[in-house]
J.: 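Handing you a structure now.
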Amino acid sequence: MGQITTRMGDGSFISLSPDDIKKEIELGVQEAVIKAKIASLTKEEMDQLYEIIAQPRKFVSVERGNELVLSYDSAPMKFTRLGIPIDRSAILLIYERALAADTLEMAYVHYSMKNIKINLSEEVAPLAMALLNTTAPLMYGAMPNMGLYYKPDGPCDNAAELFPLGKIGEAQAAQEEAANYLEQDIMLVASAMYEAGADGFDFDTTASAGDAEFYAVLNAVTKLREKYPDIGIEIGMSGEFVLGFHGELKYDGKRLAGMYPHDQVKVAEKAGATIFGPVVNTKSNKTFPWNLARAVTMCKACGEVANIPVHANVGMGVGGVPMVITTPADCVSRVSTAMAQIAKMDGL
Amino acid sequence: MGGVRTSGDLVGRMQLNKKMRLNEAKQYVADKLRVSVSDLTDEVAMRGLREDLNISTVYMGYDAPARGIEAKYRIADILGIDINSVQRFKNIVSSKK
């Protein structure tokens, strides 16, 4: 068999032999096994992954019956970024009736909890309007984005400036203070949206500022679950590995720093999330087969231990998709297929 | 799954609000709609069924089935679940204030 055209993690085309692709898959799986300390894909699963990657067709899809449910981070903003001047509630109608979205999400252009708090009243209005006109489940979504609580943007001392000075205790205290502010803001924003009628809340790119951010989200979700027993909560992550900027924070007796998706989902579940979104970041200097194999191995391990639906993040630079703004359909379709058929995800 | 073109919104709702894994959610919805799981992603079968059940399709013109909150009101009953926006709507319209 001749050379197979595929891509690098930066999106550029490369040609590899079938043996090279199989080797890249093995290496990607190995990387996931070693780093996350999880089970390997089986030989049959690696063969299946090869078949998906090596398909000569540009677009690949699942076998009938393996269709997944899709949820969308910051849905209206995808149109706003394109410069299409449409009201956000109208964008959600397009998602529902033209793009056939399974679920919907209302979002604000400053997609962070702290920003939304400032104009919360105005933000409730388009959500409430959209809830009257749409049929699909509608969440409100935002990023926790704990970095905004540090100076100069926020009130807390900047942990990133304290660490190089050797002020470890002070840096940890600053993160705990920021986490407390974030938790309060989450409660304020999520409560307002749920009381306006939202089906749930989506936390996008959770733990982007490390373990203290994850800690704040988990504590807020615990309180939201107590306050609103029926609220839907999706926790989407920002990376496969929780960065230990604090290093000592625990939830349910488990240290958060260093958690991989199969551990992350268990604390999310315990807190009261109803959907978990694992992220595996793409390495742009590795091949697409390597990245996809690594992502599928980690997501499969996550799905196997989960008791709640798992929606793998598949997009620019995550889930094996190359790190580019305009994502290539050949890669996105292969990632989606592999996540459904091999990782056995509940959604994307 | 195809959203309101098929049944993706219904299966998604069982995931988001009832924590059902994919196969369980599909089976639950299929049982409630009295169809097979394979019908759930068939645009032709689901268009007709959604019209019969009056629970919204992509079509919104003359003689369209229930739209928006009207459809969700019926979906809550068919799936045997509470939908937050429907509960809020019911509370407001039934309130004497």
Side-chain angles (χ1 to χ4, degrees), chain A residues 62 64-72 93 95-105 127-139 193-202 228-234 269 272-276 303 306-311 340 344-347, chain B residues 1-26 29 36-43 46 50 55-61 64-76 79 81-92:
Chain A
V62 295
R64 193 177 293 279
N66 281 345
E67 298 88 350
L68 302 183
V69 171
L70 268 60
S71 49
Y72 306 80
L93 295 178
Y95 262 85
E96 176 176 286
R97 293 171 205 164
L99 304 178
D102 298 314
T103 66
L104 304 170
E105 177 177 314
L127 172 82
M129 291 293 289
L131 281 162
L132 292 174
N133 289 328
T134 56
T135 303
L138 172 52
M139 292 182 271
M193 297 308 174
Y194 189 68
E195 287 173 16
D199 291 291
F201 204 92
D202 176 32
Y228 307 111
D230 295 327
I231 188 173
I233 296 175
E234 179 164 358
E269 207 174 272
T274 54
I275 297 177
F276 179 71
N307 292 310
I308 57 175
V310 179
H311 286 200
K344 307 291 184 194
M345 293 286 92
D346 302 281
Chain B
M1 280 189 69
V4 294
R5 278 168 61 85
T6 56
S7 63
D9 60 316
L10 308 178
V11 177
R13 200 171 278 289
M14 300 316 296
Q15 288 196 340
L16 178 64
N17 291 103
K18 295 297 173 187
K19 299 193 283 189
M20 288 187 184
R21 301 295 301 264
L22 182 63
N23 292 340
E24 182 190 4
K26 284 181 176 178
V29 172
S36 69
V37 169
S38 62
D39 285 336
L40 294 180
T41 48
D42 177 359
E43 292 88 343
M46 287 308 302
R50 291 187 78 118
I55 56 170
S56 183
T57 67
V58 291
Y59 177 67
M60 288 288 141
R67 306 170 176 93
I69 193 78
E70 302 164 348
K72 286 190 281 194
Y73 198 104
R74 297 183 57 78
I75 287 168
L79 294 183
I81 60 171
D82 286 336
I83 294 178
N84 190 27
S85 56
V86 172
Q87 284 303 119
R88 181 185 153 86
F89 188 84
K90 280 183 185 174
N91 292 342
I92 289 172

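Worth saying up front: this structure is predicted, and the values here are computed from it rather than measured.
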J.: Taking atom OH of Y228(A) as the centre, does the number of heavy atoms from other residues, nucleotides or ligands within less than 6.0 Å exceed 12?
T.: yes

J.: Between S56(B) and T135(A), what is the shortest heavy-atom contact and its length?
T.: OG-OG1, 3.1 Å

J.: Under a 4.5 Å heavy-atom cut-off, does chain A meet the side chain of R21(B), its backbone, both or neither?
T.: both

J.: Side chain, backbone, both or neither: which part of E269(A) has an atom under 4.5 Å from a heavy atom of chain B?
T.: neither

J.: Does any backbone or side-chain atom of A98(A) lie under 4.5 Å from a heavy atom of chain B? Answer side chain, backbone, both or neither.
T.: neither

J.: At a heavy-atom separation under 4.5 Å, does M60(B) approach chain A through its side chain, its backbone, both, or neither?
T.: side chain

J.: Donor-acceptor pair, distance only, cut-off 3.5 Å: does the side chain of D230(A) make one with the backbone of N17(B)?
T.: no

J.: I'd like to know if the side chain of D102(A) reaches the main chain of G3(B), judged simply by a donor and an acceptor atom lying under 3.5 Å from each other, with no hydrogens or angles considered.
T.: yes

J.: Would you indicate whether F89(B), at its atom CZ, is surrounded by more than 12 heavy atoms from other residues, nucleotides or ligands within a distance under 6.0 Å?
T.: no

J.: Rounded at 0.5 Å granularity, tell me how far CG in N84(B) sits from CE in M193(A).
T.: 13.0 Å

J.: For N133(A), is it the side chain, the backbone, both, or neither that has a heavy atom closer than 4.5 Å to a heavy atom of chain B?
T.: backbone

J.: With chain B, which of I233(A), L70(A), L138(A), D199(A) has the greatest number of heavy-atom pairs at distances under 4.5 Å?
T.: D199(A)

J.: Q15(B) and side-chain contact (heavy atoms from CB on, under 4.5 Å): which single residue from P309(A), P137(A), S71(A) fits?
T.: P309(A)

J.: Go through the atoms of T41(B) and report whether side chain, backbone, both or neither lie under 4.5 Å from a heavy atom of chain A.
T.: side chain

J.: Please look at M345(A) and chain B and tell me whether the side chain, the backbone, both or neither of the residue comes under 4.5 angstrom of a heavy atom of that chain.
T.: backbone

J.: Is Y194(A) close to chain B through its backbone or its side chain, or both, or neither, when contacts mean heavy atoms under 4.5 Å?
T.: both

J.: Test your reading of the model: is there a side-chain donor-acceptor pair from D346(A) to the backbone of L22(B), 3.5 Å cut-off?
T.: yes

J.: Rounded to the nearest 0.5 Å, what separation is found between the CG atom of D9(B) and the CD atom of E96(A)?
T.: 7.0 Å

J.: If I measure from the heavy atoms of chain B, does I308(A) come under 4.5 Å with its side chain, its backbone, both, or neither?
T.: both

J.: Which atoms of I75(B) are under 4.5 Å from chain A, going by heavy atoms: the side chain, the backbone, both sets, or neither?
T.: side chain

J.: Using non-hydrogen atoms and a 4.5 Å limit, figure out which bit of R13(B) sits close to chain A: side chain, backbone, both or neither.
T.: both

J.: Looking at A130(A), A306(A), A273(A), which makes the most heavy-atom pairs under 4.5 Å with chain B?
T.: A306(A)

J.: Tell me, for I231(A) versus chain B, whether the close heavy atoms (under 4.5 Å) come from the side chain, the backbone, both or neither.
T.: backbone

J.: Is chain B contacted by the side chain of T134(A), its backbone, both, or neither, given a heavy-atom distance below 4.5 Å?
T.: both

J.: Any chance you could measure L132(A), atom CG, to K72(B), atom NZ, to the nearest 0.5 Å?
T.: 7.5 Å

J.: Counting only N and O atoms by type, is there a donor-acceptor contact under 3.5 Å from the side chain of K19(B) to the main-chain atoms of G272(A)?
T.: no

J.: Please state whether the side chain, the backbone, both or neither of A128(A) comes within less than 4.5 Å of a heavy atom of chain B.
T.: neither

J.: Step through the shown structure and confirm whether more than 12 heavy atoms of other residues, nucleotides or ligands are within 6.0 Å of CZ on R97(A).
T.: yes

J.: Between N66(A) and chain B, with a heavy-atom cut-off of 4.5 Å, which part of the residue counts as in contact: side chain, backbone, both or neither?
T.: backbone

